[in-house]
Asks: 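The structure under discussion is supplied below as structure tokens; questions concerning it will follow.
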Amino acid sequence: MSLINENFLELEDSYLFSTIAKKVSTFTSKNPDKKVIKLGIGDVTRPIVPACLEAMHKAVDEVGTEQGFKGYGPEQGYQFLRKAIIENDYNTRNIEISEDEIFISDGAKCDCGNIVDIFGKDNKVAITNPVYPVYLDTNVMSGRNLTYLPVTAENNFIPQLPKEKVDMIYLCFPNNPTGTVLNREELTKWVKYAKENKSIIFYDAAYEAFIKEKDIPHSIYEIEGAKEVAIEFKSFSKTAGFTGLRCAYVIVPKDLKGYTKNGEQVSLNKLWNRRTCTKFNGVSYIVQRAAEATYTEEGKRQIRENIEYYMENAKTIKEGLEKAGFVCYGGVNSPYVWLKTPNGMKSWDFFDKLLNDIAVVGTPGVGFGDCGEGYFRLTAFGTKEATSEAVERIVKLFK
Ligand code: PLP
């Protein structure tokens with residue numbers, strides 16, 4: 001008899017995106033002539049930039065030759081990409097990272113989910129509410145206790161340090177779903193807390209490329225001492241449109257220590273390396289060459305143009321809705337605008353109204369946690385035209 005991991009039975013069914021899809025499909029079948037504008041799902045829409053395409057074409061040709069053929073690559077990623085990451089994402093910010101502290105992967109979702117493998121079951125885990133659901137579900141799957149840190153307008157979307165001691169802390173900034181950020185001072189408080197409590201911070205910086213304001217850290221390692229307490233997740237998905245290509249990386253500093261039950265220190269870098277070599281065979285050479293090309297002058301310029309395109313959309317949403325009296329958060333350093341529903345409407349009622357009255361789709365805030373009730377997420381990943389039209393429709397509806 002094969003016993004199951006009963007923790008899976010503790011998971012709440014994730015109805016959010018399937019419910020949205022069902023509602024939209026019912027609506028379109030009843031209203032075939034209505035043009036539905038979707039600003040719900042957080043997937044990019046602009047094509048892969050020419051610099052990355054060129055790099056991939058070249059890599060494809062290369063692996064078709066006897067000298068250039070590539071079989072299994074290093075599990076941790078090719079050196080050329082790790083070097084480019086260090087030089088561009090870290091050295092430019094005066095952060096020293098060594099090659100063996102970087103692990104290239106096929107996505108930050110997998111990294112955020114897999115990292116729990118190297119931590120004990122008895123750790124107390126803190127996540128924000130609302131939250132990117134991966135942190136929650138992967139800890140439920142592995143049977144850990146969770147503490148929730150509310151992030152709402154009342155605390156300016158700044159998670160407060162927990163009263164009880166926690167061992168693992170997930171921070172995602174710029175945040176999905178709220179689009180808000182943490183400044184240097186706030187992030188420093190968390191690093192200090194983690195040091196004092198021997199906790200680990202999981203810092204998800206998947207949206208780092210969207211940061212515009214000055215005092216907002218792009219990496220947690222900009223904070224002194226963070227290399228002793230933080231693992232950082234980064235992704236090419238939103239930065240460079242790689243949601244389909246798949247490439248990301250995680251930094252596990254060598255200064256980072258975990259503890260055995262007897263209090264002995266163990267290198268987390270060593271454990272993660274072991275886990276990676278056992279369960280992963282690396283990202284394809286062709287995709288890693290594409291990721292490397294995001295750091296060329298051309299690549300940087302081209303992906304910046306795409307990010308600016310999205311951020312113009314974010315501005316259109318935020319400013320358009322604010323003018324009409326909506327209260328909006330995020331959208332300045334992030335492609336997500338998190339708005340307060342008018343007149344205390346429930347998130348799903350607001351969703352239904354937008355869909356049924358004006359054929360606009362967003363994401364109900366409550367789907368990311370109960371503290372998201374009364375909020376609604378719109379994304380900047382649509383086209384310029386569709387985004388403007390959606391805003392016009394919403395403004396007209398609530399005039
Ligand atoms: N982290 C956050 C906060 C995200 O919102 C997402 C995707 O939406 C990811 C990670 C996943 O990134 P990837 O495409 O690299 O798996």
Side-chain angles (χ1 to χ4, degrees), residues 14 16-17 20 38-46 48 52 77 81 85 89 102-116 126-139 149 151 157 159 169-182 201-211 216-220 230-251 276 280 282-284 287-288 290-291 294 303 306-307 310 314 330-331 333-338 362-363 365 367-369 372 377-382:
S14 171
L16 180 61
F17 289 103
I20 292 175
K38 295 182 183 169
L39 300 181
I41 291 178
D43 196 356
V44 289
T45 50
R46 314 251 330 137
I48 304 291
C52 296
L81 180 54
I85 290 169
D89 289 350
I102 302 188
F103 298 83
I104 310 293
S105 77
D106 57 353
K109 184 177 191 176
C110 326
D111 288 335
C112 291
N114 292 331
I115 198 78
V116 298
I127 60 170
T128 61
N129 180 357
V131 73
Y132 175 57
V134 175
Y135 319 143
L136 166 64
D137 287 352
T138 54
N139 278 292
L149 312 168
V151 279
F157 301 95
I169 302 153
Y170 288 80
L171 296 177
C172 169
F173 291 101
N175 188 260
N176 178 15
T178 67
T180 55
V181 286
L182 268 201
I201 297 173
F202 302 95
Y203 197 70
D204 185 344
Y207 296 92
E208 169 273 322
F210 294 83
I211 294 174
I216 310 301
H218 287 247
S219 161
I220 193 167
I231 291 176
E232 180 159 282
F233 302 93
K234 292 279 296 286
S235 172
F236 294 92
S237 280
K238 309 297 159 84
T239 309
F242 277 41
T243 50
L245 280 184
R246 312 301 304 146
C247 197
Y249 66 86
V250 51
I251 306 283
T276 302
F280 191 53
V283 175
S284 87
V287 168
Q288 290 192 61
T294 65
I303 61 178
N306 280 348
I307 288 172
Y310 294 134
N333 298 295
S334 145
Y336 296 122
V337 175
W338 186 245
T363 311
F368 299 98
R377 192 189 76 173
L378 290 173
T379 84
F381 292 126

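Whatever order the structure lists them in is the order used to number ligands and atoms, beginning at 1.
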Asks: Determine yes or no for a side-chain-to-main-chain donor-acceptor pair under 3.5 angstrom, with Thr294 supplying the side chain and Ala290 the backbone.
Replies: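 No.
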Asks: Going by distance only, is there an N or O of Thr243 that falls short of 3.5 Å from an N or O of ligand 1?
Replies: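 It does not: no N or O of Thr243 is found under 3.5 Å from an N or O of ligand 1.
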Asks: With heavy atoms of Gly107 as the reference, note each atom of ligand 1 found under 4.0 Å away.
Replies: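 Under 4.0 Å from Gly107, ligand 1 has these atoms: 15 (O), 16 (O).
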Asks: Heavy atom of Phe233 under 4.0 Å from ligand 1?
Replies: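 Distance cut 4.0 Å: Phe233 fails for ligand 1.
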Asks: Specify the protein heavy atom at minimum distance from atom 9 (C) of ligand 1: its residue, its atom name, and the distance to 0.1 Å.
Replies: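 Heavy-atom neighbour on the protein nearest atom 9 (C) of ligand 1: Tyr132 OH, 3.2 Å.
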Asks: Can you find a heavy atom in the side chain of Val287 that is under 4.5 Å from one in the side chain of Phe236?
Replies: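 Side-chain contact under 4.5 Å: no.
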Asks: Enumerate the atoms of ligand 1 whose separation from the nearest heavy atom of Cys172 is less than 4.0 angstrom.
Replies: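 In order of number, 3 (C).
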Asks: Would you say Phe157 and Asn175 make side-chain contact, with heavy atoms under 4.5 Å?
Replies: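 No, side chains not in contact.
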Asks: Could you give me the CA-CA distance, side-chain angles and deciding distance for Tyr336 and Tyr207, then say whether ring pair (Phe, Tyr, Trp, His ring centres under 6.0 Å) is met?
Replies: CA-CA 10 Å; Tyr336 296 122; Tyr207 296 92; 5.2 Å; yes
Asks: Would one find an N or O of Cys112, backbone or side chain, under 3.5 Å from an N or O of ligand 1?
Replies: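 No.
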Asks: Distance to 0.1 Å, residue and atom name: give those for the protein heavy atom nearest to atom 1 (N) of ligand 1.
Replies: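 Scanning the protein heavy atoms, the shortest distance from atom 1 (N) of ligand 1 goes to Asp204 OD2, 2.6 Å.
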Asks: Kindly compute the distance separating CG (Leu245) from SG (Cys52), expressed to the nearest 0.5 Å.
Replies: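 Result: 8.0 Å between the selected atoms.
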Asks: Between Arg377 (side chain) and Gly40 (backbone), is there a donor-acceptor pair under 3.5 Å?
Replies: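 Checking the backbone N and O of Gly40 against the side chain of Arg377, a donor-acceptor pair under 3.5 Å is found.
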Asks: Check ligand 1 against Lys109 and write out every atom of the ligand that is under 4.0 Å from a heavy-atom position of the residue.
Replies: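 So the atoms of ligand 1 that pass are 11 (C), 12 (O), 13 (P), 16 (O).
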Asks: Quick test: of every protein heavy atom, which one is nearest to atom 14 (O) of ligand 1, and how far off is it to 0.1 Å?
Replies: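 So the nearest neighbour among protein heavy atoms is Ser237 OG, 2.6 Å.
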Asks: Does Asn306 use its side chain to pair, donor to acceptor, with the backbone of Ile303 at less than 3.5 Å?
Replies: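 Judged by distance alone, no pair lies under 3.5 Å.
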Asks: Any nitrogen or oxygen of Lys238, main chain or side chain, under 3.5 Å from a nitrogen or oxygen of ligand 1?
Replies: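 Yes: some nitrogen or oxygen of Lys238 is under 3.5 Å from one in ligand 1.
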